S.K.: 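Below is the structure I would like to discuss, written out as C-alpha cells.
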Amino acid sequence: LRAIGPEREYEDWIRSQPSALDGAMDTVLSELDQCYKQRNQCCHVRRVSRGAGTGEKPPYFAVPMTLTQHRLQHDKGEAAVIEKYRHGFEFANAANDAAAVIAKDWFTKRADRYQKEWATMTLAEKLLPGFSSRSEVPAQALLDWFADNGLSNYLPSELREPR
C-alpha cells in the first residue's frame with residue numbers, strides 16, 4: 001500500500017467519503033482557506049491482526065464517519081454506533097458479546113472495502129492517468145509497476161516471469 005501512496009493520502013481520501021454508517025457528511029470550516037467543506041473523520045478500525053496495539057493505529061485501515069458518530073464509537077463502542085446509525089441492526093436481543101462480534105465484523109469488512117477501493121483507484125490512476133478502473137489498465141503496465149517497486153513476490157507465481 002505504501003508503494004501506491006502515502007497513508008496521509010489514503011486518510012484524506014477517507015475523509016472525503018460519506019459516512020460508512022449512513023452516508024452523512026460533516027460540514028467543517030477549513031482554516032486554510034476560510035470556507036466550509038464537506039469532510040468526515042478518518043476513523044481507524046483497530047485490529048491487532050492489522051497492526052493495532054496500545055497507542056498504535058493500523059495503517060491504511062479506516063472508515064469514514066461524522067464527528068458525532070466517531071465520538072459515539074469511542075465512548076460506547078462499535079456496536080452502539082452501528083445500532084444507532086444503521087437501520088436494520090438491532091442488538092436488543094443479542095448478548096453484549098454477540099453484538100460486539102457482529103459490529104467488529106461489520107467494521108472490519110467496511111475497512112477492507114475502503115482500502116481495496118482506494119488502492120485500486122489510486123493505482124489505476126498512477127498507471128494510466130485519467131482512468132479509475134483497474135480493468136482499463138493494460139496487464140503489462142501492472143506487471144511493470146510491481147517489478148519497478150520491488151513487489152513482484154506479491155504476484156501469483158505464474159506472473160513472476162522475468163521481463
Side-chain angles (χ1 to χ4, degrees), residues 1-137 142 145 149:
L1 290 168
R2 282 186 208 96
I4 294 172
E7 188 176 6
R8 67 175 157 47
E9 287 180 12
Y10 171 74
E11 291 176 351
D12 283 344
W13 178 80
I14 285 286
R15 289 181 188 100
S16 74
Q17 302 301 302
S19 168
L21 294 161
D22 64 358
M25 290 292 290
D26 271 340
T27 301
V28 297
L29 179 63
S30 169
E31 293 181 20
L32 182 63
D33 49 10
Q34 294 298 302
C35 69
Y36 287 96
K37 294 185 175 188
Q38 297 289 297
R39 197 115 173 112
N40 275 329
Q41 300 279 302
C42 176
C43 309
H44 288 86
V45 177
R46 294 174 185 253
R47 302 290 183 258
V48 172
S49 64
R50 302 298 175 106
T54 305
E56 291 292 321
K57 297 175 183 175
Y60 300 92
F61 204 62
V63 298
M65 287 192 274
T66 66
L67 178 60
T68 301
Q69 293 165 348
H70 196 193
R71 284 183 178 157
L72 180 62
Q73 181 217 15
H74 277 281
D75 293 345
K76 302 286 184 175
E78 292 175 343
V81 77
I82 285 179
E83 188 168 31
K84 181 168 183 174
Y85 291 99
R86 292 290 302 169
H87 302 292
F89 273 86
E90 296 291 333
F91 295 127
N93 296 327
N96 284 345
D97 290 346
V101 169
I102 293 166
K104 180 179 179 179
D105 183 58
W106 188 90
F107 271 95
T108 300
K109 285 179 180 175
R110 291 311 177 283
D112 279 335
R113 187 181 304 159
Y114 282 103
Q115 184 184 78
K116 182 179 179 181
E117 183 180 340
W118 173 81
T120 299
M121 178 191 67
T122 304
L123 183 55
E125 179 64 31
K126 283 183 176 204
L127 294 175
L128 201 57
F131 296 92
S132 60
S133 170
R134 69 176 172 213
S135 65
E136 297 171 340
V137 175
L142 190 58
W145 180 86
N149 286 281

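Values in this document were obtained by computation on a predicted structure and should not be read as measured data. Excluded from the calculations below are hydrogen atoms, water molecules and symmetry mates; all remaining heavy atoms, backbone and side chain alike, are included.
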S.K.: Looking at side-chain heavy atoms only, is the closest gap between K84 and L72 below 4.5 Å?
M.R.: yes

S.K.: By side chain to side chain contact (heavy atoms under 4.5 Å, CB included), which residues pair with N149, not counting sequence neighbours?
M.R.: A3, W145, L151

S.K.: Taking atom types as modelled and ignoring hydrogens, do the side chains of E9 and T122 form a donor-acceptor contact shorter than 3.5 angstrom?
M.R.: no

S.K.: Once side chain to side chain contact (heavy atoms under 4.5 Å, CB included) is applied, do any residues pair with E11, and if so which ones, sequence neighbours excluded?
M.R.: E7, R15, C42, H44

S.K.: Below 4.5 Å, heavy atoms only, C-beta onward: do V28 and R39 meet side chain to side chain?
M.R.: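 Touching, per the 4.5 Å side-chain cut-off.
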
S.K.: Are Q69 and S19 close enough that a side-chain donor and a side-chain acceptor fall under 3.5 Å?
M.R.: yes

S.K.: Look only at the side chain of Q115 and the backbone of Y60, and say whether a donor-acceptor pair between them is shorter than 3.5 Å.
M.R.: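 Such a contact is found between Q115 side chain and Y60 backbone.
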
S.K.: Are D105 and K109 within salt-bridge range, i.e. N to O under 4.0 Å?
M.R.: yes

S.K.: Sub-3.5 Å donor-acceptor pair from the side chain of K126 to the main-chain atoms of I4, do we have one?
M.R.: yes

S.K.: Determine whether a donor-acceptor pair (N or O, by modelled atom type, separation under 3.5 Å) exists between the side chain of N40 and the backbone of P64.
M.R.: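 Not at all, since once roles are kept as given, no pair shorter than 3.5 Å links the two residues.
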
S.K.: Contact between T66 and M25 at the side-chain level, heavy atoms closer than 4.5 Å - yes or no?
M.R.: no

S.K.: Return yes if some donor-acceptor pair links the side-chain N/O of D22 with the main-chain N/O of A24 below 3.5 Å, else return no.
M.R.: yes

S.K.: Given the rule in the side-chain contact (heavy atoms from CB on, under 4.5 Å) test, do I102 and F107 qualify, once you have shown the distances and angles that lead to the verdict?
M.R.: CA-CA 9 Å; I102 293 166; F107 271 95; over 6 Å; no

S.K.: Do L21 and I82 pass the side-chain contact (heavy atoms from CB on, under 4.5 Å) test, and can you show the C-alpha distance, the side-chain angles, and the key distance before you say yes or no?
M.R.: CA-CA 7 Å; L21 294 161; I82 285 179; 4.2 Å; yes

S.K.: Determine the interplanar angle of the W13 and Y114 rings, folded into 0 to 90°, and report it as parallel if under 30°, tilted if 30 to 60°, perpendicular if over 60°.
M.R.: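 It falls in the perpendicular class, over 60°.
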
